[in-house]
Amino acid sequence: MPGLTVVGSVAFDSVRTPFGERERMLGGSATHFSLAASFFTPVNLVGVVGDDFDPDYDELLQQRGIDTRGLERIAGGKTFFWRGHYDYDLNTAHTDTTELNVFANFDPQLGETAREAPVVFLANIQPQLQRRVRAQCTGARLAALDSMNLWIETERDELLRAIAEVDVVFMNDAELRMLTRQPNLLLAARDLIARGPRAVVAKLGEYGASLYTSEGFFSLPAYPLETVVDPTGAGDSFAGGFLGYLAGSGADASDEGELRRAMTYGSVLASFNVERFGCERVLELTREEIDERFEEFRRMTAIEALPAGEGSHA
Ligand code: AMP
């Protein structure tokens, strides 16, 4: 039975970029991830919200094949809130406010379907929570994790323990350097692989993403876009495309060819996510658009020149 379980933040995000701003949009690492992954596989979402979370959002997630039975609602509680902004360097998110709210005391209890999913993603949230969910997912053949500077600064040891329990680590370049205290990404990836994971995916913002395994290296540029409006959630959409694809195909982290296709689906989903604010673009996306952009990546990255007319990207 295919499927994927994710734990992470389900949030309200207030975001300002040079191109506009939004107040209290639907966001959170688990939300962006689930929406992207839902194109490829059924998703079990594990998280917590307050009673300020509109039931319509729940409905919206369920319509995409996302099982929200693991999304607990706390009466009288407030949903996680993040406020951030970006300057013209859209690769760097500046956090203005983080309110954990209901996540501060969250003790996830997974149902049977969530525990037995073959793939589990520990999206960005407190590392202790990530570990508690990992421990319950006894059926997982592939586990992966993402994190961010806040947890590297405040929970480094616990995060390193969580990393030892997964197969794939997703992090941006600055976070990898900060966590491993290595200036060089190859050495940073080797440092993490020595702790247990099979693969490290370095997210490089507008420069793309690189995959490091003990056997090899693979890298893709980001899809060249004229309009980037809001990078929030790009990392989670990347992981959603990547792991959603692997959950759907049944592959594990030892098949290099499948990992390369997963990198491409990750890049495709991230590229759509940044075209509009929050989840706006991914909520309108179709599977045909995903497959078209996947083929454009294939053409864009071919080293041998392709016959006339096949090499250009639209
Ligand atoms: P990214 O894909 O890295 O851009 O992640 C964006 C999402 O991360 C936003 O929707 C935020 O709600 C969420 N987020 C920001 N800070 C945290 C945090 N400390 N823990 C969990 N989620 C967070």
Side-chain angles (χ1 to χ4, degrees), residues 6-17 22-37 45-50 53 57 61 78-86 89-104 106 108 121-130 133 144-156 158-159 162 169-176 201-206 209 222 228-243 266-267 269-283:
V6 54
V7 61
S9 54
V10 175
F12 290 130
D13 287 349
S14 291
V15 175
R16 176 167 48 83
T17 81
R22 293 282 190 282
E23 283 296 324
R24 294 179 71 78
M25 306 178 278
L26 173 64
S29 55
T31 310
H32 283 288
F33 175 89
S34 300
L35 289 170
L45 174 56
V46 176
V48 62
V49 291
F53 193 76
Y57 286 145
L61 296 167
K78 277 174 69 183
T79 299
F80 181 105
F81 174 71
W82 181 72
R83 180 183 294 281
H85 70 271
Y86 303 81
D89 172 9
L90 292 169
N91 290 338
T92 310
H94 302 280
T95 294
D96 303 311
T97 312
T98 303
E99 292 174 11
L100 284 182
N101 295 333
V102 288
F103 269 102
F106 181 46
F121 183 55
L122 313 171
N124 181 23
I125 197 66
Q126 298 102 302
Q128 313 89 290
L129 273 181
Q130 295 181 311
V133 169
L145 161 157
D146 184 17
S147 193
M148 74 178 295
N149 54 2
L150 175 66
W151 308 120
I152 298 170
E153 281 159 15
T154 60
E155 307 267 355
R156 184 170 184 271
E158 187 68 357
L159 177 57
V169 174
F170 294 87
M171 258 182 220
N172 73 33
D173 50 346
E175 290 159 355
L176 281 170
V201 177
K203 297 175 289 178
L204 309 172
E206 69 175 300
V228 177
V229 168
D230 172 20
T232 310
D236 303 306
S237 307
F238 185 100
F242 185 109
L243 291 172
S267 305
L269 267 296
S271 73
F272 281 114
N273 182 272
V274 303
E275 288 181 356
R276 299 200 9 217
F277 273 96
C279 307
E280 289 169 9
R281 181 64 177 95
V282 174
L283 282 172

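Counting convention: from 1, in listed order, for ligands and their atoms alike. Each residue takes its place number in the sequence, starting with 1.
- The aromatic rings of Phe106 and Phe103 sit perpendicular to each other, their planes meeting at more than 60°, with 30° as the lower class boundary.
- Looking at heavy atoms from C-beta onward, Ile152 lies in side-chain contact with Glu175 at the 4.5 angstrom threshold.
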Sub-3.5 Å pairs, protein N or O with ligand 1 N or O:
residue: ligand 1; atom: 2 (O); partner: Gly233; partner atom: N; Å: 3.4
residue: ligand 1; atom: 2 (O); partner: Gly235; partner atom: N; Å: 3.2
residue: ligand 1; atom: 2 (O); partner: Asp236; partner atom: N; Å: 3.1
residue: ligand 1; atom: 2 (O); partner: Asp236; partner atom: OD2; Å: 2.6
residue: ligand 1; atom: 4 (O); partner: Gly233; partner atom: N; Å: 2.7
residue: ligand 1; atom: 5 (O); partner: Asp236; partner atom: OD2; Å: 2.9
residue: ligand 1; atom: 10 (O); partner: Asp13; partner atom: OD2; Å: 2.4
residue: ligand 1; atom: 10 (O); partner: Gly28; partner atom: N; Å: 2.8
residue: ligand 1; atom: 12 (O); partner: Asp13; partner atom: OD1; Å: 2.6
residue: ligand 1; atom: 12 (O); partner: Asp13; partner atom: OD2; Å: 3.4
residue: ligand 1; atom: 12 (O); partner: Gly28; partner atom: N; Å: 3.4
residue: ligand 1; atom: 20 (N); partner: Trp151; partner atom: NE1; Å: 3.4
residue: ligand 1; atom: 22 (N); partner: Ser9; partner atom: OG; Å: 2.8
residue: ligand 1; atom: 22 (N); partner: Asn124; partner atom: O; Å: 3.4

Donor-acceptor list for residues 232-242 side chains, cut-off 3.5 Å, not counting sequence neighbours:
residue: Thr232; atom: OG1; partner: Tyr86; partner atom: OH; Å: 2.8
residue: Thr232; atom: OG1; partner: Asp230; partner atom: OD1; Å: 2.7
residue: Ser237; atom: OG; partner: Gly233; partner atom: O; Å: 2.8
residue: Ser237; atom: OG; partner: Asn273; partner atom: ND2; Å: 3.1

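- Residues Leu145 and Gln130 meet the side-chain proximity criterion, which asks for heavy atoms closer than 4.5 Å.
- By the 6.0 Å contact criterion, CZ on Arg22 is enclosed, its count of non-hydrogen atoms from other residues, nucleotides or ligands being greater than 12.
- For the atom pair OG1 of Thr31 and CG of Asp13, the computed distance is 8.0 Å after rounding to the nearest 0.5 Å.
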